[in-house]
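Chain naming here is simple, since letters A, B, ... match the order of the sequence lines and numbering starts at 1 in each. Reckoned from all heavy atoms, side chains included, excluding hydrogens, waters and symmetry mates.
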Amino acid sequence: MTGDRCANRVRGIAWLALLLAIGGFAKSRGGGFSIGPERRAARAPYVVSWLLLLLLTAASLGSAFLGLGVASPIMHFAIAATQAAMILFLLMRLRRQPKLNWLFAAAGFLWPFFLYALSMTDYASRRGWP
Amino acid sequence: LGGLGRLLQLLSYFVYRNAYPAAFAQASRDAELWCGTVNIGLLLTSSLTMVLSIDAAANGHRRSLVRWLLATASLGSLFLVVKAYEYYADYGARVAPALNSIVKRGETSASELFWTFYFVATGLHSLHLTIGIGLVLLMVSRARRGALAPRYYPPLEVVGLYWSFVDIVWVFLFPAIYLAGRS
């Protein structure tokens, strides 16, 4: 009996230590789970991201004329996805948001993924495409 | 929900592009490349001015907040002007399905699928952008009244998220419409 109580206590302390470690890690990453006043950022990172976005657009445009064949659309949409991620993290400032906001932003992509995946099962399994 | 719809629309684009690659490549070559390129530049710049306006609100710089917001609305409006010119050119080039359209030499009627996607996608995008410009102008009036201060500016944050989301949609529409079949 005493042994069980002792084990429970040890387990409780271990859980507490784990939670504190997770909280400490989240806090050290600058987010945590609290929603508080945002840290004020310098403007330079925004301007740099904008320049990079324009540069990526130029790269996408340039690659369209290189005759890359099948690699061409893959490259275009990979660049577009990179640009979207940059806009999300840098210009929509997801980078500096609490991790809870990251979770909600990711959830926004989860449902379209289901939509895509379920629609594509029909397309992939259908024979006699017109 | 709007976002889901836009993504589903893009899915249909991929399905049909995969089914009719030659027709899509040919039709895409007829799209006004310079209009699309100028417009992506305008929108990316407008996302920068939008985030700078939020930065100004967070730091309590009311005058630069109004200035950045007006710059954002102007860039959005300029996008619509270029788009309107592009529609005019498209109509002249006889690629507007159901209005003024012919199947050109070497093309099949599948190219109409591309142009239908084009008009629905860019039309919806222009509608979203017009709503965005209205919201930004609403924020200008709030900022002038002093209703957006460092202690409270979430409405501006939300408008900023909406604006950049509309920008992201164009980032995907640009290669889908203008870059397919260029080489």
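Residue Arg151(B): no heavy atom, backbone or side chain, is found under 4.5 Å from chain A. With a threshold of 4.5 angstrom between heavy atoms, Leu161(B) approaches chain A through its backbone and through its side chain. When heavy atoms are compared at a cutoff of 4.5 Å, Leu52(B) approaches chain A solely by way of its side chain, counted from C-beta outward. At a 4.5 Å heavy-atom cutoff, the contact between Thr37(B) and chain A is made by side-chain atoms alone.
A donor atom on one side chain and an acceptor atom on the other are not found under 3.5 Å apart for Ser111(B) and Gln26(B).
A heavy-atom distance below 4.5 Å is found between the side chains of Phe24(B) and Tyr13(B). Between Leu43(B) and His125(B), the closest side-chain pair of non-hydrogen atoms falls below 4.5 Å.
Ring pair Tyr178(B)/Trp170(B) is tilted by interplanar angle, where 30° to 60° counts as tilted. The aromatic rings of Tyr16(B) and Tyr20(B) lie parallel to each other, their planes meeting at an angle below 30°, with 60° marking the opposite boundary.
Options Ile40(B), Asp167(B), Thr45(B) differ in how many heavy-atom pairs under 4.5 Å they form with chain A, and the most are formed by Thr45(B).
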